[in-house]
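Taking it in order: structure first as structure tokens, then the write-up.
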Amino acid sequence: MQQTNMHKTIDRFLFWSSGLMAAMALFSIMWLTVVDVSGRKFFSSSVPGGLELTEMLMVVVIFAALPLVSWRNEHVVFDTLDPYIPHWMRGIQARLVHLVCAGAFAFLARLMAQRAERFTEYGDTTVHLGLAMAPVAWLMAALLLVTGLAHLLLVAIGSPATGHAAPAQEGSA
């Protein structure tokens, strides 16, 4: 019972933090596109730096969605071999996969933090708007780390219900 409450609490936190961040960024892209296309159509002028803004917002959409998608097990799953894995081994397999994912995301977070440090050191900015690139890279590193921590938690406390459909039982209608 307590494990279920912990899953729900973490799910709610990720939904209202990273999920909302991804949704707001996607909503901003939508309106930026509407304004940009309307400006080109009716005023022969696009939004200055619109492409740069869209690129930065896409980064937020993708990286902010990662922790929630990982926590809910809603990522792409390769399950061709599942019928050949004994039922008793599936929990071990899931924990092993989450452990590998935690390590991979932690490694990627470290690489992105190094890149962010370099952006900060050199003062890298976008071409047209002159926006600093370091804050976006730091956000990417933080969200990769949160995703790695989500996978690590799933190793420790187990996975909630998976986001992919269970394989059909042979002979069931």
Nearest heavy-atom pair of Phe13 and Ser17: which atoms, and what distance?
-> O-OG, 2.7 Å
Nearest atoms (heavy-atom pairs only) where Ala25 meets Val61 = CB-CG2, 3.6 Å
Which atom of Thr120 lies closest to which atom of Ala134, heavy atoms considered = OG1-CB, 3.2 Å
How far does CG of Leu26 sit from CE of Met24, to the nearest 0.5 angstrom?
-> 12.0 Å
To the nearest 0.5 Å, tell me how far Glu52 CD sits from Met56 CE.
-> 7.0 Å
Connected via hydrophobic side-chain network under 4.5 Å: Phe119 and Met58 | no
Verify same cluster id: Leu154, Leu96 (apolar side-chain graph, 4.5 Å) | no
Atom pair CE/OG1 of Met30 and Thr54 - distance to nearest 0.5 Å | 12.5 Å
Under 3.5 Å donor-acceptor, Asp124 side chain and Met133 backbone = no
Apply the side-chain contact (heavy atoms from CB on, under 4.5 Å) test between Thr147 and each candidate in Leu68, Leu66, Leu152; give the one that qualifies.
-> Leu66
Note: Gly148 and Ala102 closest approach over all heavy atoms is O-CB, 3.5 Å
Lys41 NZ to Ser38 OG distance, which is reported to the nearest 0.5 Å | 10.5 Å
Single-linkage hydrophobic cluster, 4.5 Å side-chain cutoff, Phe15 and Val146 together | yes
The reported gap from CG in Asn5 to CG in Asp11 (rounded to nearest 0.5 angstrom) is 12.5 Å
Stepwise, does the side chain to side chain contact (heavy atoms under 4.5 Å, CB included) test hold for Phe105 with Leu145?
-> CA-CA 6 Å; Phe105 279 112; Leu145 184 61; over 6 Å; no
Shortest non-hydrogen contact from Ser70 to His75?
-> CA-CD2, 3.9 Å
Where do Ala116 and Ala137 come nearest, in terms of heavy atoms and distance?
-> CB-CB, 3.6 Å
Exam field: side chain Arg95 to backbone Val155, donor-acceptor pair closer than 3.5 Å = yes
Do you reckon Leu53 sits in the same ILVMFWY cluster as Ile62, going by side-chain contacts under 4.5 Å, direct or chained?
-> yes
Aromatic plane relationship, His7 with Trp71 - under 30° parallel, 30 to 60° tilted, over 60° perpendicular = tilted
Is there side-chain contact between Glu117 and Trp138, with heavy atoms separated by less than 4.5 Å?
-> yes
What about Ile92 and Val97, same hydrophobic cluster or not, with Ile/Leu/Val/Met/Phe/Trp/Tyr joined at side-chain heavy-atom distances under 4.5 Å?
-> no
Rounded to the nearest 0.5 angstrom, the CG-OG1 distance for Leu131 and Thr126 is 4.0 Å
Derivation and outcome, side chain to side chain contact (heavy atoms under 4.5 Å, CB included), residues Met21 and Val60 | CA-CA 7 Å; Met21 188 187 317; Val60 174; 3.8 Å; yes
Spell out, as yes or no, whether a donor-acceptor pair under 3.5 Å connects the side chain of Arg90 to the backbone of Asp82.
-> yes
Check: Arg40 main-chain N/O paired with Ser45 side-chain donor or acceptor under 3.5 Å | no
